[in-house]
Peer 1: 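Shown below is the structure under consideration.
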Amino acid sequence: MKPAAAPHEPTSPLRKDIRLLGRTLGEVVRECEGRPVYDVIEKLRRTAVKFRREGDPRDGRLLERQIRRLADGESNLVARAFSYFLHLSNIAEDRDQTRRQRQGLLADDAPAPGSLEHAIGLLRARGHTGPRIRRYLASACISPVLTAHPTEVQRKSTLDLHQAVAHCLRRMDGTLTASESARLHQQLAGLVAALWQTRMLRQQKLTVLDEIDNALTYYTSTFFSILPQLHLDMAALLAKPGRTPFDADDAPLPPFASMGSWIGGDRDGNPNVNADTLEQALLRQSTHVLRHYLTEVHALGSELSISQSLMHVTPGLAELATASQDPSPHRLDEPYRRACIHIYARLAATAQALTGRRQARRNTYDAPAYASVAEFGADLRTVAGSLDAHHGAAIARLRLTHLIQATEIFGFHLATVDLRQSSDVHERVLDELMRHAKVTLDGKAVRYARLSEADRVRVLRQELREPRPMVSPWIEYSPETRKELAILRTAAAGRARFGDGAIRQSIVSHTETLSDLLEVLVLQQETGLISPTVGESQPRGGLMVVPLFETIPDLERGPGIMDQWLSLPEVAARVRHAQDGIQEVMLGYSDSNKDGGYLTSNWSLYRAERQLVEVFKKHRTRLRLFHGRGGSVGRGGGSSFEAILAQPPGTVNGQIRLTEQGEIIQGRYKDAEVGRWHLELFVAATLEASLAPQHPAARTEDDNMARYGQAMEWMSQVAQEAYRDLVYGTEGFTDYFFASTPIREIAGLNIGSRPAARKASQRIEDLRAIPWGFSWAQCRLPLPGWYGMGTAMGRYLREGGPDAGSTPQARLETLQAMARDWPFFRTLLSNMEQVLAKTDLAIGRAYSELVSDKALRKRIFDRIEAEYQAALEAFRTATGHELLAHDEQLSAALSERFAYIDPLNRLQVELLRRHRAGEHAARRGDEQETRSQRAIHMTINGIAAGLRNSG
């Protein structure tokens with residue numbers, strides 16, 4: 001396949017890479033499938049490119065005829081060919097982005113925004129000294145949290161080949177001899193051929209253990225190298241001139257950036273997560289990091305060949321070397337190597353003790369295991385201190401400083417695994433426990449599920465002061481209760497085994513009342529995670545109870561619930577003593593969007609954050625927000641850097657966690673170079689949002705709220721009414737959605753262990769937000785990212801809402817000022833702009849033809865079309881420019897890739913029509929049925945790859 005003619009200059013590196021990859025894929029298709037198949041694909045490609053470039057309706061009709069004439073087998077091959085071209089184009093674009101970033105770093109200009117250098121320079125300009133920033137980082141928490149939410153459609157085998165292709169392209173840079181160039185081109189052809197002959201789709205559904213193992217690969221490829229280096233680079237930027245990394249004032253930094261995970265502990269709606277998966281998550285994570293340490297210590301021993309006859313050592317290093325049982329006479333005068341051999345032996349014993357299996361790859365001897373990662377780190381620091389004291393600081397920086405920093409970040413647990421469960425499950429479990437334990441309140445037996453909220457709070461607080469357990473080993477509880485108790489007991493055992501950092505949070509989905517949080521404290525007490533609060537003035541241990549406010553009503557209630565929570569003396573004591581004065585609150589972007597639409601979701605989140613800041617100020621507690629963001633804009637996607645900078649003042653404050661999932665993990669952390677840039681953006685944005693604004697910016701934000709808040713509130717209500725009227729208030733909308741989108745086929749993809757819906761029903765309320773957004777993106781009508789915005793902004797301009805007394809011109813100027821001066825609204829429009837740019841009404845209309853009821857089809861599609869046009873017009877009016885006018889690079893990239901996505905969309909519509917017609921016709925052979933489903937799934941794969949976000 002050849003790439004379409006694009007507005008990139010012909011000699012640009014990106015253009016050359018795309019041409020090379022497209023040509024190579026075409027040669028592979030011709031070789032593997034034969035000339036006739038290649039000609040069919042190429043003819044279809046030319047028609048699609050011509051139609052996208054010129055827009056002639058005749059070319060569009062020709063494209064549809066060519067697709068309709070494809071036989072089932074040809075459809076499969078066409079889907080694969082166009083999908084793989086988009087895969088390869090993504091590799092080229094990612095490589096070009098990295099190339100541009102490196103060029104920016106190498107330029108003589110000022111550091112690029114988003115870099116550590118730029119952030120620290122900005123902070124110093126605002127009066128923050130290096131020591132002050134170091135002190136601030138000592139209590140900071142900046143954490144990406146990997147989740148297994150099913151939006152990554154690519155198999156790991158495919159992603160591994162992508163990595164190999166990218167590596168091959170990188171090696172083509174620079175000066176090559178003719179024979180070297182020929183070998184690399186030959187290697188590229190082999191990799192593309194392997195990609196073509198690798199099954200694109202999973203045949204079996206992923207298990208939770210698969211998801212755990214898949215996540216661990218990113219530590220090897222990315223996190224083990226970039227997270228320690230990021231800390232060391234920050235330390236260097238903050239160091240005093242002339243200091244070494246081991247001077248007292250400039251020691252390696254505490255782990256201000258660390259990793260989190262939901263995989264294996266997130267059981268909300270996923271029946272496949274249980275005590276066993278949690279245990280496996282902890283065990284496999286620990287095994288992974290211990291193997292990394294063993295490898296690094298072994299390499300360190302090879303590097304530290306320093307002879308005692310040439311350089312002295314400290315007494316501490318000499319003691320470590322003496323403790324070694326290394327029998328080799330060749331290393332008698334090599335104390336550092338002997339010390340490393342002893343450290344390796346102790347680490348091997350630690351790995352054996354923690355994982356129950358031998359992890360050492362080298363022969364070793366019996367040695368005492370480390371009691372904690374701090375002991376391991378102390379031995380490494382002894383080695384580093386001896387090097388530093390004897391002119392070896394430069395040697396330590398080869399590997400040792402990096403390893404020391406890694407122990408601070410990863411411990412023996414690698415990443416913190418969060419627990420998550422729905423509040424209604426906790427309620428049912430406690431109802432059963434209290435019933436069997438014959439718990440009383442005011443002398444009457446308690447039926448917890450039937451109590452008022454006030455009485456629930458009373459009985460839960462009563463139980464927290466009660467030293468006797470409710471749980472009895474002599475009672476047979478329901479499977480749900482046994483499962484929940486087992487998970488919490490496993491959490492307690494995991495913390496005792498791998499350290500408190502292994503599990504720190506218990507997240508409560510659907511937090512609607514104060515009792516939803518207290519329930520988790522009681523369950524922790526029943527399973528040994530915390531002790532009864534009676535007589536305990538300074539409680540220690542246990543998991544932080546984290547509310548998750550998801551829907552619009554939950555977000556509105558959230559600040560009040562947190563005020564009640566922090567007002568309880570037993571909770572305040574726990575926050576102060578067991579949580580270092582920090583309380584985390586999680587905000588859900590997905591369900592709030594599905595509940596109220598794009599504008600209302602974002603405004604509700606923003607307003608809740610501001611109110612939470614005031615609540616936490618009142619209680620003198622530090623707020624940590626955990627943002628449950630997804631990949632698509634409708635689920636909080638978009639630039640994390642811009643999103644963090646647009647947060648209300650006081651909501652970041654050095655404490656922020658956010659979810660990374662599916663294709664976003666792959667896109668941001670597929671290799672160390674790309675991963676470094678994204679983590680650097682994350683850290684830089686957090687520092688700037690926390691320390692750079694200071695008081696003037698806070699006053700500006702208050703001014704923005706005073707000036708625009710009422711108008712924004714009014715538009716939010718209008719947008720929510722428009723959105724909910726379509727989605728939940730329009731008769732037949734559910735039928736339209738299930739008929740006009742590939743939702744049922746998406747549910748059949750083997751891309752995750754989690755079911756597509758919370759309940760077995762055909763109700764949008766029960767559908768998860770991921771397949772909801774995924775389905776609309778597939779049919780190129782991503783309305784979760786814009787529906788309601790056009791109506792709201794248009795009515796404001798016409799009617800004015802709270803500004804009805806002003807002139808239309810004044811309202812226009814207000815809207816334009818919001819778009820220009822208010823970071824919140826500017827980011828809202830920027831994210832919507834990208835979604836509008838990916839919307840295609842013509843393709844969306846083709847999907848609507850799958851709806852058999854013509855009146856229903858027309859009624860709903862006409863409303864979607866009208867809202868899209870209104871959103872487009874409102875965007876132009878507010879910003880004063882066309883879509884992507886300020887991002888020519890993205891505009892050009894999308895223009896080129898649409899020529900390859902469009903045929904996949906048209907093919908998907910045709911395949912859905914054939915497949916669904918076959919469901920009502922005579923039963924076909926299983927093989928043909930499977931082939932039909934496989935072809936549809938391939939188009940889903942290709943479209944998701946082309947649009948670069950799934951859900």
Peer 1: So Tyr728 and Tyr723, would you call those rings parallel, tilted or perpendicular, with 30° and 60° as cut-offs?
Peer 2: perpendicular
Peer 1: Between Glu745 and Leu912, is any pair of side-chain heavy atoms under 4.5 Å apart?
Peer 2: yes
Peer 1: Take Thr651 and Arg610 through the test side-chain hydrogen bond (donor to acceptor under 3.5 Å, both in side chains) and record every step on the way to the result.
Peer 2: CA-CA 7 Å; Thr651 59; Arg610 284 179 56 86; over 6 Å; no
Peer 1: Could you check whether any side-chain N or O of Ser895 sits under 3.5 Å from a backbone N or O of Ser891, counting only pairs where one atom can act as donor and the other as acceptor?
Peer 2: no
Peer 1: Backbone N or O of Gly667 within a donor-acceptor pair of the Lys670 side chain at under 3.5 Å?
Peer 2: yes
Peer 1: If we ignore angles and hydrogens, is there a donor and acceptor under 3.5 Å between the side chains of Tyr606 and Gln647?
Peer 2: no
Peer 1: Do you know which two heavy atoms are closest between Gly114 and Ala684, and how far apart they sit?
Peer 2: O-CB, 3.3 Å
Peer 1: Can you classify the ring geometry of Trp603 versus Phe824 as parallel (below 30°), tilted (30 to 60°) or perpendicular (above 60°)?
Peer 2: tilted
Peer 1: Between His627 and Tyr589, do the side chains contain an N or O donor and an N or O acceptor separated by less than 3.5 Å?
Peer 2: yes
Peer 1: Between the side chain of Thr730 and the main-chain N/O of Val727, is any donor-acceptor distance below 3.5 Å?
Peer 2: no
Peer 1: Check this for me, if you would: do Arg724 and Asp595 make a salt bridge, where the nitrogen-to-carboxylate-oxygen distance has to be below 4.0 angstrom?
Peer 2: yes
Peer 1: If we only count heavy atoms from C-beta on, is the Gln720 to Ser604 side-chain gap below 4.5 Å?
Peer 2: no
Peer 1: Looking only at side-chain N and O atoms, does Arg607 offer a donor or acceptor that is under 3.5 Å from a partner on Ser716?
Peer 2: no
Peer 1: Within the distance-only criterion (no hydrogens, no angle test), does the side chain of Ser775 pair as donor or acceptor with the backbone N or O of Pro771 below 3.5 angstrom?
Peer 2: yes
Peer 1: Please walk me through it: do Leu781 and Leu841 pass side-chain contact (heavy atoms from CB on, under 4.5 Å)?
Peer 2: CA-CA 7 Å; Leu781 293 175; Leu841 289 178; 3.9 Å; yes
Peer 1: Return the set of residues passing side-chain contact (heavy atoms from CB on, under 4.5 Å) with Arg913 (not counting sequence neighbours), or none when no residue passes.
Peer 2: Glu849, Leu850, Val909, Glu910
Peer 1: Grab the two heavy atoms, one from Ala81 and one from Ile41, that are nearest each other, plus how far apart they are.
Peer 2: CB-CD1, 3.8 Å
Peer 1: Scan Leu907, Val78, Leu44 and name whichever one has a side chain to side chain contact (heavy atoms under 4.5 Å, CB included) with Gln66.
Peer 2: Leu44
Peer 1: In plain terms, say whether Asp840 and Arg52 are close enough for a salt bridge, that is, a side-chain N and a carboxylate O under 4.0 Å apart.
Peer 2: yes
Peer 1: Distance-only, no hydrogens or angles: does the Ser830 side chain make a donor-acceptor pair with backbone N or O of Thr827 under 3.5 Å?
Peer 2: no
Peer 1: Which distance, rounded to the nearest 0.5 Å, do you find between the CD of Glu896 and the CD1 of Ile901?
Peer 2: 11.0 Å
Peer 1: Would you check if Glu833 and His886 make a side-chain contact, meaning some heavy-atom pair closer than 4.5 Å?
Peer 2: no
Peer 1: Please evaluate residues Asn90 and His162 with respect to the criterion side-chain hydrogen bond (donor to acceptor under 3.5 Å, both in side chains), reporting the C-alpha separation (whole Å), side-chain torsions for both, the decisive distance (0.1 Å), and the verdict.
Peer 2: CA-CA 9 Å; Asn90 289 344; His162 289 182; over 6 Å; no
Peer 1: Could you tell me which non-hydrogen atom of Ala689 sits nearest to which non-hydrogen atom of Leu645, and how far apart they are?
Peer 2: N-CD2, 4.1 Å
Peer 1: Hey, is Asp725 close enough to Arg863 for a salt bridge, meaning N to O under 4.0 Å?
Peer 2: yes
Peer 1: List the residues meeting side-chain hydrogen bond (donor to acceptor under 3.5 Å, both in side chains) with Gln908, not counting sequence neighbours, and say none if there are none.
Peer 2: Gln778, Tyr847, Thr939
Peer 1: Using modelled atom types only, decide if a donor and an acceptor are shared between the side chain of Arg857 and the backbone of Val851 within a distance under 3.5 Å.
Peer 2: yes
Peer 1: According to salt bridge (Lys or Arg N to Asp or Glu O under 4.0 Å), does anything in residues 797-814 pair up with another residue at least two apart or in another chain? List the pairs.
Peer 2: Arg795-Glu799
Peer 1: With sequence neighbours left out, write down each residue that passes side-chain contact (heavy atoms from CB on, under 4.5 Å) with Glu673, or none if nothing qualifies.
Peer 2: Thr98, Arg102, Arg170, Asp671
Peer 1: Apply side-chain contact (heavy atoms from CB on, under 4.5 Å) to the pair Leu828 and Tyr598, showing each step before the final yes or no.
Peer 2: CA-CA 9 Å; Leu828 190 74; Tyr598 178 63; 3.7 Å; yes
Peer 1: Distance from Arg826 atom CZ to Asp821 atom CG, nearest 0.5 Å?
Peer 2: 7.5 Å
Peer 1: State, with a plain yes or no, whether a side-chain heavy atom of Asn941 is found less than 4.5 Å away from one of His87.
Peer 2: yes
Peer 1: Measure the spacing between CD of Gln666 and CD1 of Ile664 and express it to the nearest 0.5 Å.
Peer 2: 10.5 Å
Peer 1: What's the shortest heavy-atom distance between Pro113 and Leu681, and which atoms?
Peer 2: O-CD2, 4.5 Å
Peer 1: Once side-chain hydrogen bond (donor to acceptor under 3.5 Å, both in side chains) is applied, do any residues pair with Glu721, and if so which ones, sequence neighbours excluded?
Peer 2: none
Peer 1: Taking NZ, NE, NH1 and NH2 as the nitrogens, is one of them in Arg61 or Asp56 under 4.0 Å from a carboxylate oxygen of the other?
Peer 2: no
Peer 1: Once rounded to the nearest 0.5 Å, what's the spacing between atom CG of Asn593 and atom OG1 of Thr600?
Peer 2: 9.5 Å
Peer 1: Would you call Arg99 and Asp17 a salt bridge, using N to O less than 4.0 angstrom?
Peer 2: yes
Peer 1: Check whether any side-chain heavy atom of Tyr796 lies under 4.5 Å from a side-chain heavy atom of Trp714, and answer yes or no.
Peer 2: yes
Peer 1: For Leu599 and Met789, which heavy atoms make the closest approach, and how far apart are they?
Peer 2: CB-SD, 3.5 Å
Peer 1: Check whether any side-chain heavy atom of Asp902 sits under 4.5 Å from a side-chain heavy atom of Arg780, and report yes or no.
Peer 2: yes
Peer 1: Using atom types as modelled and distance alone, determine if a side-chain donor or acceptor of Glu867 lies under 3.5 Å from a backbone N or O of Gly788.
Peer 2: yes
Peer 1: Taking the side chain from Ser83 and the backbone from Ala79, do they hold a donor-acceptor pair closer than 3.5 Å?
Peer 2: yes
Peer 1: Find out whether Trp822 and Tyr708 are in side-chain contact, i.e. whether some heavy atom of one side chain is under 4.5 Å from a heavy atom of the other.
Peer 2: yes
Peer 1: Testing Phe861, Tyr787, Trp786, Phe875 for ring-ring contact (aromatic ring centres under 6.0 Å, His included) with Tyr868, which one passes?
Peer 2: Trp786
Peer 1: Kindly compute the distance separating CZ (Arg65) from CG (Leu63), expressed to the nearest 0.5 Å.
Peer 2: 10.0 Å
Peer 1: Return the minimal non-hydrogen interatomic distance between Phe85 and Ile18, and the atom names on each side.
Peer 2: CZ-CG2, 3.9 Å
Peer 1: Can you check side-chain contact (heavy atoms from CB on, under 4.5 Å) on Ser590 and Ile770, steps first, answer last?
Peer 2: CA-CA 8 Å; Ser590 305; Ile770 289 173; 5.6 Å; no
Peer 1: Salt-bridge test for Arg897 and Glu93: reply yes if a basic N is under 4.0 Å from a carboxylate O, no otherwise.
Peer 2: yes
Peer 1: Just jot down the ring pair (Phe, Tyr, Trp, His ring centres under 6.0 Å) partners of Trp772, sequence neighbours excluded, or say none.
Peer 2: Phe737, Trp776
Peer 1: Please check this pair: side chain of Lys594 against backbone of Pro784, looking for a donor-acceptor N/O pair closer than 3.5 Å.
Peer 2: no
Peer 1: Any side-chain heavy-atom pair from Val674 and Arg668 closer than 4.5 angstrom?
Peer 2: no
Peer 1: Would Leu815 and Phe825 count as a side-chain contact (heavy atoms from CB on, under 4.5 Å) here? Give the steps.
Peer 2: CA-CA 10 Å; Leu815 201 62; Phe825 195 63; 4.2 Å; yes
